[in-house]
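The structure appears right after this line, and notes come after that.
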Amino acid sequence: MDTRVNLLELDLEGLAAFCAGLGEKRFRATQLYRWIHQRGASQFDAMTDLARSLRDKLATRAEVRALPVLSEHQSADGTVKWLFDVGGGNAVETVFIPEVDRGTLCVSSQAGCAVGCRFCSTGHQGFSRNLTTGEIVAQLWFAEHRLRAVRGRGDTGERRIDNVVMMGMGEPLQNYGALVPALRTMLDDHGYGLSRRRVTVSTSGVVPMIDRLRDDCPVALAVSLHAPDDALREHLVPLNRKYPLAELLAACQRYLDAAPRDFITFEYCMLDGVNDSPEQARALVALVQGRAEASRGVGAVRCKFNLIPFNPFPASGLLRSPRERVLAFAEVLQEAGIVTTIRKTRGDDIDAACGQLAGEVQDRTQARERMSQRRAVFEIVPQAPGAGAVRP
Ligand code: SAH
Ligand code: SF4
(Lines give C-alpha, C1' and ligand atoms only; values in the text may rest on other atoms or scores of the structure.)
(Ligands and ions follow the chains in the order given, each with its own letter.)
Protein backbone atom coordinates (compact mmCIF):
# COMPACT_ATOMS: atom_id res chain seq x y z
CA MET A 1 0.00 0.00 0.00
CA ASP A 2 1.19 3.52 -0.83
CA THR A 3 1.56 5.34 2.48
CA ARG A 4 3.02 8.52 1.06
CA VAL A 5 1.41 11.68 2.44
CA ASN A 6 -0.41 13.81 -0.10
CA LEU A 7 0.98 17.29 0.60
CA LEU A 8 -2.17 18.92 -0.81
CA GLU A 9 -3.85 17.73 2.39
CA LEU A 10 -1.72 20.06 4.55
CA ASP A 11 -1.96 23.76 5.31
CA LEU A 12 1.32 25.51 6.10
CA GLU A 13 1.16 24.57 9.79
CA GLY A 14 0.54 20.95 8.84
CA LEU A 15 3.40 20.98 6.36
CA ALA A 16 5.72 22.54 8.94
CA ALA A 17 4.84 19.71 11.35
CA PHE A 18 5.42 17.13 8.62
CA CYS A 19 8.82 18.66 7.77
CA ALA A 20 9.73 18.81 11.46
CA GLY A 21 9.11 15.06 11.52
CA LEU A 22 11.70 14.73 8.76
CA GLY A 23 14.14 16.83 10.80
CA GLU A 24 13.69 19.89 8.57
CA LYS A 25 13.39 23.52 9.64
CA ARG A 26 10.20 25.53 9.14
CA PHE A 27 11.60 27.65 6.30
CA ARG A 28 11.98 24.45 4.27
CA ALA A 29 8.26 23.83 4.68
CA THR A 30 7.56 27.36 3.44
CA GLN A 31 9.75 26.77 0.38
CA LEU A 32 8.05 23.49 -0.36
CA TYR A 33 4.59 25.00 0.10
CA ARG A 34 5.45 27.81 -2.34
CA TRP A 35 6.72 25.35 -4.92
CA ILE A 36 3.49 23.40 -4.74
CA HIS A 37 0.87 26.14 -4.59
CA GLN A 38 2.53 29.14 -6.20
CA ARG A 39 4.41 27.32 -8.92
CA GLY A 40 2.24 24.25 -9.39
CA ALA A 41 5.13 21.83 -8.98
CA SER A 42 4.32 18.20 -8.27
CA GLN A 43 7.76 16.62 -8.82
CA PHE A 44 10.23 17.09 -5.96
CA ASP A 45 13.13 16.83 -8.38
CA ALA A 46 12.07 20.09 -10.00
CA MET A 47 12.37 21.94 -6.66
CA THR A 48 15.95 22.86 -7.31
CA ASP A 49 16.57 25.06 -4.26
CA LEU A 50 15.75 22.21 -1.88
CA ALA A 51 18.71 20.09 -0.79
CA ARG A 52 19.02 16.82 -2.69
CA SER A 53 18.80 14.91 0.62
CA LEU A 54 15.42 16.51 1.35
CA ARG A 55 14.15 15.86 -2.16
CA ASP A 56 15.10 12.21 -1.78
CA LYS A 57 13.34 11.97 1.59
CA LEU A 58 10.24 13.60 0.16
CA ALA A 59 10.17 11.23 -2.80
CA THR A 60 9.77 8.24 -0.53
CA ARG A 61 7.46 9.77 2.09
CA ALA A 62 5.29 12.28 0.22
CA GLU A 63 3.64 13.15 -3.05
CA VAL A 64 1.53 15.88 -4.64
CA ARG A 65 -1.46 13.88 -5.76
CA ALA A 66 -3.88 15.63 -8.10
CA LEU A 67 -7.41 14.43 -8.84
CA PRO A 68 -7.84 12.52 -12.10
CA VAL A 69 -9.68 14.68 -14.64
CA LEU A 70 -12.66 12.95 -16.26
CA SER A 71 -13.52 15.82 -18.57
CA GLU A 72 -12.87 19.47 -19.36
CA HIS A 73 -15.48 21.55 -21.13
CA GLN A 74 -15.10 25.11 -22.28
CA SER A 75 -18.15 27.26 -22.90
CA ALA A 76 -18.46 29.84 -25.66
CA ASP A 77 -18.36 32.57 -22.95
CA GLY A 78 -15.01 31.33 -21.57
CA THR A 79 -16.42 29.41 -18.61
CA VAL A 80 -14.51 26.17 -18.03
CA LYS A 81 -15.90 23.17 -16.20
CA TRP A 82 -13.87 20.20 -14.99
CA LEU A 83 -15.21 16.93 -13.76
CA PHE A 84 -12.85 15.18 -11.33
CA ASP A 85 -12.88 11.52 -10.37
CA VAL A 86 -12.90 11.06 -6.60
CA GLY A 87 -13.16 7.27 -6.70
CA GLY A 88 -15.92 4.78 -6.05
CA GLY A 89 -17.90 5.96 -9.07
CA ASN A 90 -18.11 9.50 -7.64
CA ALA A 91 -17.25 12.68 -9.48
CA VAL A 92 -17.18 16.32 -8.43
CA GLU A 93 -17.13 19.42 -10.56
CA THR A 94 -15.26 22.68 -10.50
CA VAL A 95 -16.13 25.70 -12.61
CA PHE A 96 -13.97 28.67 -13.64
CA ILE A 97 -15.90 31.83 -14.47
CA PRO A 98 -13.83 34.53 -16.17
CA GLU A 99 -14.91 38.15 -15.96
CA VAL A 100 -13.31 41.26 -17.40
CA ASP A 101 -11.28 42.14 -14.32
CA ARG A 102 -11.15 38.88 -12.40
CA GLY A 103 -11.56 35.13 -12.43
CA THR A 104 -13.69 33.15 -10.00
CA LEU A 105 -13.41 29.45 -9.23
CA CYS A 106 -16.43 27.57 -7.93
CA VAL A 107 -15.21 24.65 -5.80
CA SER A 108 -16.97 21.51 -4.49
CA SER A 109 -16.79 20.35 -0.88
CA GLN A 110 -18.57 16.97 -0.96
CA ALA A 111 -19.48 14.21 -3.41
CA GLY A 112 -23.24 14.70 -3.35
CA CYS A 113 -24.98 16.49 -0.50
CA ALA A 114 -27.10 15.37 2.42
CA VAL A 115 -29.20 18.53 2.70
CA GLY A 116 -31.42 17.59 -0.22
CA CYS A 117 -32.71 20.95 -1.44
CA ARG A 118 -35.56 20.53 -3.89
CA PHE A 119 -34.16 22.75 -6.62
CA CYS A 120 -30.61 21.38 -6.54
CA SER A 121 -29.48 18.52 -8.70
CA THR A 122 -26.64 17.72 -6.26
CA GLY A 123 -29.28 17.41 -3.54
CA HIS A 124 -31.25 15.02 -5.74
CA GLN A 125 -28.22 12.74 -6.00
CA GLY A 126 -27.97 12.16 -2.26
CA PHE A 127 -24.80 12.12 -0.19
CA SER A 128 -21.82 10.00 -1.01
CA ARG A 129 -18.90 11.30 1.05
CA ASN A 130 -16.97 14.28 2.29
CA LEU A 131 -14.02 15.44 0.24
CA THR A 132 -10.70 15.60 2.07
CA THR A 133 -8.78 18.87 2.44
CA GLY A 134 -6.47 17.67 -0.34
CA GLU A 135 -9.37 17.00 -2.68
CA ILE A 136 -10.77 20.49 -2.07
CA VAL A 137 -7.36 22.13 -2.55
CA ALA A 138 -6.60 19.94 -5.59
CA GLN A 139 -9.44 21.64 -7.49
CA LEU A 140 -7.83 25.06 -7.04
CA TRP A 141 -4.29 23.77 -7.53
CA PHE A 142 -5.20 22.12 -10.81
CA ALA A 143 -7.41 24.92 -12.16
CA GLU A 144 -4.95 27.72 -11.36
CA HIS A 145 -1.95 26.01 -12.93
CA ARG A 146 -3.88 24.55 -15.84
CA LEU A 147 -5.26 28.00 -16.72
CA ARG A 148 -1.79 29.54 -16.46
CA ALA A 149 -0.43 26.86 -18.78
CA VAL A 150 -3.10 27.12 -21.45
CA ARG A 151 -3.82 30.84 -21.26
CA GLY A 152 -0.37 32.21 -20.57
CA ARG A 153 1.00 33.80 -17.38
CA GLY A 154 2.77 30.52 -16.66
CA ASP A 155 6.11 32.28 -16.45
CA THR A 156 5.13 35.48 -14.67
CA GLY A 157 3.48 33.67 -11.78
CA GLU A 158 0.59 36.15 -12.01
CA ARG A 159 -2.53 34.42 -10.86
CA ARG A 160 -5.61 33.52 -12.88
CA ILE A 161 -8.01 32.91 -10.04
CA ASP A 162 -8.78 35.90 -7.81
CA ASN A 163 -11.88 34.59 -6.05
CA VAL A 164 -12.89 31.22 -4.72
CA VAL A 165 -16.53 30.47 -3.93
CA MET A 166 -17.48 27.26 -2.13
CA MET A 167 -20.60 26.97 -4.27
CA GLY A 168 -19.98 23.75 -6.15
CA MET A 169 -21.32 20.42 -4.99
CA GLY A 170 -21.93 19.84 -1.31
CA GLU A 171 -22.58 21.72 1.90
CA PRO A 172 -19.17 23.04 3.02
CA LEU A 173 -20.24 23.53 6.64
CA GLN A 174 -21.15 19.84 6.86
CA ASN A 175 -17.51 19.09 6.02
CA TYR A 176 -16.01 21.58 8.42
CA GLY A 177 -12.89 19.68 9.48
CA ALA A 178 -11.64 19.38 5.91
CA LEU A 179 -12.83 22.83 4.88
CA VAL A 180 -10.88 24.99 7.31
CA PRO A 181 -7.33 23.85 6.41
CA ALA A 182 -8.31 24.18 2.72
CA LEU A 183 -9.44 27.77 3.35
CA ARG A 184 -6.15 28.46 5.14
CA THR A 185 -4.18 27.36 2.08
CA MET A 186 -6.32 29.63 -0.10
CA LEU A 187 -5.62 32.60 2.20
CA ASP A 188 -1.97 31.95 3.07
CA ASP A 189 0.49 34.42 1.52
CA HIS A 190 2.75 31.47 0.73
CA GLY A 191 -0.22 29.57 -0.75
CA TYR A 192 -2.74 31.33 -3.02
CA GLY A 193 -2.66 34.63 -1.12
CA LEU A 194 -6.35 35.37 -1.56
CA SER A 195 -7.77 38.00 0.74
CA ARG A 196 -10.38 37.02 3.30
CA ARG A 197 -13.10 38.79 1.33
CA ARG A 198 -12.25 36.96 -1.88
CA VAL A 199 -12.97 33.54 -0.46
CA THR A 200 -16.66 32.84 0.06
CA VAL A 201 -18.26 29.98 1.93
CA SER A 202 -21.83 29.41 0.87
CA THR A 203 -24.13 27.57 3.26
CA SER A 204 -27.70 26.40 3.42
CA GLY A 205 -27.61 27.41 7.09
CA VAL A 206 -25.68 25.09 9.43
CA VAL A 207 -26.00 27.46 12.40
CA PRO A 208 -23.39 26.06 14.85
CA MET A 209 -20.77 25.89 12.11
CA ILE A 210 -21.42 29.51 11.10
CA ASP A 211 -20.32 30.42 14.63
CA ARG A 212 -17.25 28.22 14.42
CA LEU A 213 -16.24 29.66 11.05
CA ARG A 214 -16.47 33.16 12.52
CA ASP A 215 -14.01 32.15 15.23
CA ASP A 216 -11.66 30.00 13.12
CA CYS A 217 -11.51 31.59 9.69
CA PRO A 218 -13.94 34.44 9.03
CA VAL A 219 -14.07 34.50 5.24
CA ALA A 220 -16.96 36.04 3.29
CA LEU A 221 -20.25 34.30 4.05
CA ALA A 222 -23.09 33.61 1.62
CA VAL A 223 -26.31 32.16 2.98
CA SER A 224 -28.79 30.37 0.74
CA LEU A 225 -32.12 31.79 1.86
CA HIS A 226 -34.61 30.99 -0.95
CA ALA A 227 -37.74 31.77 1.07
CA PRO A 228 -39.04 34.54 3.34
CA ASP A 229 -40.82 32.26 5.84
CA ASP A 230 -40.20 28.98 7.61
CA ALA A 231 -43.07 27.08 5.98
CA LEU A 232 -41.80 27.57 2.44
CA ARG A 233 -38.13 27.31 3.40
CA GLU A 234 -38.74 23.92 4.99
CA HIS A 235 -40.08 22.64 1.69
CA LEU A 236 -37.16 23.98 -0.30
CA VAL A 237 -34.27 23.54 2.17
CA PRO A 238 -35.07 20.67 4.57
CA LEU A 239 -32.30 21.81 6.96
CA ASN A 240 -34.61 24.67 7.91
CA ARG A 241 -36.48 22.26 10.20
CA LYS A 242 -33.36 21.98 12.31
CA TYR A 243 -32.25 25.61 12.04
CA PRO A 244 -35.24 27.87 11.35
CA LEU A 245 -34.96 31.40 9.99
CA ALA A 246 -34.85 33.23 13.35
CA GLU A 247 -31.84 31.14 14.42
CA LEU A 248 -30.17 31.46 11.05
CA LEU A 249 -30.49 35.25 10.98
CA ALA A 250 -29.25 35.51 14.56
CA ALA A 251 -26.16 33.50 13.49
CA CYS A 252 -25.66 35.91 10.57
CA GLN A 253 -25.72 38.81 13.02
CA ARG A 254 -23.17 37.13 15.26
CA TYR A 255 -20.98 36.52 12.21
CA LEU A 256 -21.05 40.20 11.32
CA ASP A 257 -20.31 41.23 14.91
CA ALA A 258 -16.85 39.75 14.37
CA ALA A 259 -16.34 41.65 11.10
CA PRO A 260 -18.03 45.04 11.37
CA ARG A 261 -17.31 46.11 7.77
CA ASP A 262 -18.61 42.91 6.19
CA PHE A 263 -22.05 41.93 4.97
CA ILE A 264 -23.85 38.65 4.30
CA THR A 265 -24.71 37.74 0.73
CA PHE A 266 -28.13 36.13 0.67
CA GLU A 267 -28.62 33.82 -2.28
CA TYR A 268 -32.13 33.36 -3.54
CA CYS A 269 -32.92 30.90 -6.31
CA MET A 270 -35.86 32.23 -8.34
CA LEU A 271 -38.47 29.51 -8.80
CA ASP A 272 -41.46 30.23 -10.97
CA GLY A 273 -44.64 30.63 -8.94
CA VAL A 274 -42.99 29.31 -5.78
CA ASN A 275 -40.93 32.07 -4.14
CA ASP A 276 -40.90 34.91 -6.68
CA SER A 277 -43.93 37.13 -5.94
CA PRO A 278 -43.69 40.82 -4.97
CA GLU A 279 -45.40 39.97 -1.64
CA GLN A 280 -42.66 37.46 -0.92
CA ALA A 281 -40.06 40.11 -1.78
CA ARG A 282 -41.67 42.46 0.73
CA ALA A 283 -41.73 39.72 3.36
CA LEU A 284 -38.03 39.17 2.69
CA VAL A 285 -37.28 42.86 3.22
CA ALA A 286 -39.14 42.76 6.55
CA LEU A 287 -37.18 39.65 7.52
CA VAL A 288 -33.69 40.98 6.87
CA GLN A 289 -34.50 44.46 8.14
CA GLY A 290 -35.49 42.95 11.46
CA ARG A 291 -39.23 43.55 11.38
CA ALA A 292 -40.45 39.97 10.92
CA GLU A 293 -38.63 38.22 13.75
CA ALA A 294 -38.27 41.21 16.10
CA SER A 295 -40.33 39.44 18.77
CA ARG A 296 -37.64 36.74 18.81
CA GLY A 297 -34.91 39.33 19.21
CA VAL A 298 -33.65 39.21 15.62
CA GLY A 299 -32.64 42.63 14.31
CA ALA A 300 -31.49 43.84 10.91
CA VAL A 301 -28.75 41.97 9.05
CA ARG A 302 -26.27 43.92 6.87
CA CYS A 303 -26.71 42.16 3.56
CA LYS A 304 -26.78 42.07 -0.20
CA PHE A 305 -29.00 39.85 -2.29
CA ASN A 306 -27.97 37.70 -5.19
CA LEU A 307 -30.96 36.44 -7.15
CA ILE A 308 -30.11 33.24 -9.02
CA PRO A 309 -32.23 32.28 -12.02
CA PHE A 310 -33.11 28.63 -11.37
CA ASN A 311 -31.18 26.20 -13.50
CA PRO A 312 -33.88 23.72 -14.41
CA PHE A 313 -33.53 19.95 -14.50
CA PRO A 314 -36.43 17.59 -15.18
CA ALA A 315 -36.50 15.68 -11.88
CA SER A 316 -37.07 18.90 -9.91
CA GLY A 317 -40.53 19.55 -11.33
CA LEU A 318 -39.69 23.27 -11.04
CA LEU A 319 -39.28 26.07 -13.55
CA ARG A 320 -37.17 29.19 -13.81
CA SER A 321 -38.95 32.46 -12.99
CA PRO A 322 -39.56 34.60 -16.06
CA ARG A 323 -37.14 37.49 -16.43
CA GLU A 324 -39.72 40.22 -15.75
CA ARG A 325 -40.70 38.54 -12.48
CA VAL A 326 -37.06 38.44 -11.37
CA LEU A 327 -36.68 42.13 -12.24
CA ALA A 328 -39.85 43.08 -10.33
CA PHE A 329 -38.60 41.10 -7.32
CA ALA A 330 -35.21 42.80 -7.48
CA GLU A 331 -36.92 46.19 -7.63
CA VAL A 332 -38.78 45.64 -4.36
CA LEU A 333 -35.49 44.80 -2.62
CA GLN A 334 -33.63 47.68 -4.22
CA GLU A 335 -36.34 50.19 -3.31
CA ALA A 336 -35.95 49.09 0.29
CA GLY A 337 -32.27 50.05 0.03
CA ILE A 338 -30.86 46.52 -0.33
CA VAL A 339 -28.12 46.08 -2.92
CA THR A 340 -29.38 43.34 -5.24
CA THR A 341 -27.72 41.61 -8.15
CA ILE A 342 -29.16 39.09 -10.57
CA ARG A 343 -26.68 36.34 -11.32
CA LYS A 344 -25.76 36.11 -14.95
CA THR A 345 -26.29 32.64 -16.31
CA ARG A 346 -22.86 31.55 -17.47
CA GLY A 347 -21.73 28.45 -19.25
CA ASP A 348 -25.30 27.40 -20.07
CA ASP A 349 -24.08 25.49 -23.11
CA ILE A 350 -21.93 23.21 -20.93
CA ASP A 351 -24.36 22.94 -17.99
CA ALA A 352 -21.93 24.77 -15.72
CA ALA A 353 -24.29 24.97 -12.76
CA CYS A 354 -24.61 23.02 -9.58
CA GLY A 355 -24.29 19.30 -10.05
CA GLN A 356 -25.61 19.21 -13.58
CA LEU A 357 -23.01 17.02 -15.24
CA ALA A 358 -21.94 14.92 -12.28
CA GLY A 359 -25.58 13.98 -11.88
CA GLU A 360 -25.24 11.92 -15.00
CA VAL A 361 -22.43 9.91 -13.48
CA GLN A 362 -24.36 8.32 -10.68
CA ASP A 363 -27.54 8.53 -8.67
CA ARG A 364 -25.91 7.82 -5.35
CA THR A 365 -28.44 6.74 -2.81
CA GLN A 366 -31.72 6.42 -4.67
CA ALA A 367 -32.28 10.00 -3.52
CA ARG A 368 -34.22 10.67 -6.69
CA GLU A 369 -36.85 8.16 -5.68
CA ARG A 370 -37.15 9.61 -2.20
CA MET A 371 -37.39 13.11 -3.68
CA SER A 372 -40.20 12.21 -6.01
CA GLN A 373 -42.13 10.79 -3.06
CA ARG A 374 -41.65 14.04 -1.17
CA ARG A 375 -42.77 16.11 -4.12
CA ALA A 376 -46.36 15.14 -3.36
CA VAL A 377 -46.07 17.18 -0.17
CA PHE A 378 -44.34 20.02 -1.93
CA GLU A 379 -47.02 20.52 -4.52
CA ILE A 380 -49.53 21.83 -2.00
CA VAL A 381 -47.52 25.10 -2.04
CA PRO A 382 -49.82 27.43 -4.03
CA GLN A 383 -48.69 28.02 -7.62
CA ALA A 384 -49.14 31.57 -8.87
CA PRO A 385 -50.98 32.11 -12.13
CA GLY A 386 -48.58 32.14 -15.01
CA ALA A 387 -46.54 29.22 -13.66
CA GLY A 388 -45.20 27.15 -16.49
CA ALA A 389 -43.04 29.75 -18.16
CA VAL A 390 -40.10 28.45 -20.10
CA ARG A 391 -36.54 29.60 -19.45
CA PRO A 392 -35.83 32.97 -21.08
N1 SAH B 1 -24.47 23.90 -0.20
C2 SAH B 1 -24.17 25.28 -0.29
C3 SAH B 1 -23.22 25.62 -1.42
C4 SAH B 1 -23.42 24.90 -2.73
S5 SAH B 1 -24.85 25.32 -3.64
C6 SAH B 1 -25.43 26.12 -0.38
O7 SAH B 1 -26.50 25.54 -0.57
O8 SAH B 1 -25.34 27.32 -0.21
C9 SAH B 1 -24.46 26.96 -4.24
C10 SAH B 1 -25.65 27.80 -4.61
O11 SAH B 1 -26.32 27.29 -5.78
C12 SAH B 1 -26.72 27.82 -3.51
O13 SAH B 1 -27.18 29.12 -3.28
C14 SAH B 1 -27.79 26.96 -4.11
O15 SAH B 1 -29.02 27.28 -3.55
C16 SAH B 1 -27.72 27.28 -5.57
N17 SAH B 1 -28.36 26.28 -6.44
C18 SAH B 1 -28.44 24.95 -6.26
N19 SAH B 1 -29.11 24.37 -7.28
C20 SAH B 1 -29.46 25.35 -8.12
C21 SAH B 1 -30.16 25.38 -9.36
N22 SAH B 1 -30.63 24.28 -9.93
N23 SAH B 1 -30.33 26.57 -9.96
C24 SAH B 1 -29.83 27.70 -9.39
N25 SAH B 1 -29.17 27.74 -8.24
C26 SAH B 1 -28.98 26.57 -7.60
FE1 SF4 C 1 -26.70 20.78 -0.80
FE2 SF4 C 1 -26.43 23.39 -1.38
FE3 SF4 C 1 -27.55 21.69 -3.13
FE4 SF4 C 1 -28.86 22.34 -0.91
S5 SF4 C 1 -28.28 23.72 -2.58
S6 SF4 C 1 -28.64 20.28 -1.75
S7 SF4 C 1 -27.19 22.49 0.55
S8 SF4 C 1 -25.46 21.66 -2.45
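Any value given below was found using the heavy atoms of this structure, including those in side chains, with hydrogens, waters and symmetry copies removed. Every number for a ligand or one of its atoms is a count from 1 in the order of the listing.
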Quick test of your reading of the structure: of [options], whose heavy atom lies closest to [atom]?
| atom | options | result |
| --- | --- | --- |
| atom 1 (N) of ligand 1 | C106, C113, C117, G170 | G170 |
| atom 9 (C) of ligand 1 | R343, E171, M167, H226 | M167 |
| atom 24 (C) of ligand 1 | L173, L271, N311, T122 | N311 |

Regarding [X] and [Y], do their side chains bring together a donor and an acceptor under 3.5 Å, going by distance alone?
| X | Y | result |
| --- | --- | --- |
| R34 | Q31 | no |
| S128 | N90 | yes |
| N275 | Q280 | no |
| T185 | Y33 | yes |

C120 contact mode with ligand 1 (heavy-atom cut-off under 4.0 Å):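 Near ligand 1, C120 shows its backbone as well as its side chain.
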Considering the heavy atoms of [X], write down every atom of ligand 2 situated less than 4.0 Å from one of them.
| X | answer |
| --- | --- |
| G116 | 6 (S) |
| G123 | 6 (S) |
| G170 | 8 (S) |
| S204 | 7 (S) |

Approximate separation, where rounding is to 0.5 Å, of H226 NE2 and C117 SG: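 Reported to 0.5 Å precision, the distance equals 6.0 Å.
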Euclidean distance, Q110 CD relative to T122 OG1, rounded to 0.5 Å: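 Output value for this atom pair is 10.0 Å.
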Considering distance alone, does some N or O of [X] sit under 3.5 Å from an N or O of ligand 1?
| X | result |
| --- | --- |
| S121 | no |
| G168 | no |
| I308 | no |

Ring-ring centroid check F84 F142, cutoff 6.0 Å: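 For F84 and F142, the ring centres are under 6.0 Å apart.
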Under 4.0 Å to a heavy atom of [X] - the qualifying atoms of ligand 1, by number:
| X | result |
| --- | --- |
| S224 | 6 (C), 7 (O), 8 (O), 12 (C), 13 (O), 15 (O) |
| T203 | 6 (C), 8 (O) |
| M166 | 3 (C) |

Sub-4.0 Å heavy-atom approach of S224 to ligand 2: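 No, S224 has no heavy atoms under 4.0 Å from ligand 2.
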Atom 3 (Fe) of ligand 2 contact by C120, N, O or S atom under 2.8 Å: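 Looking at C120, which is the residue asked about, there is an N, O or S atom under 2.8 Å from atom 3 (Fe) of ligand 2.
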Evaluation steps, salt bridge (Lys or Arg N to Asp or Glu O under 4.0 Å), between D262 and R197: CA-CA 8 Å; D262 285 14; R197 290 198 176 83; 3.0 Å; yes
Worked check of side chain to side chain donor-acceptor pair (under 3.5 Å) between Q334 and T340: CA-CA 6 Å; Q334 275 158 347; T340 304; 4.8 Å; no
Parallel, tilted or perpendicular, as decided by the 30° and 60° cut-offs, for the rings of Y192 and H37: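 Taking Y192 first and then H37, their aromatic rings stand perpendicular (interplane angle over 60°).
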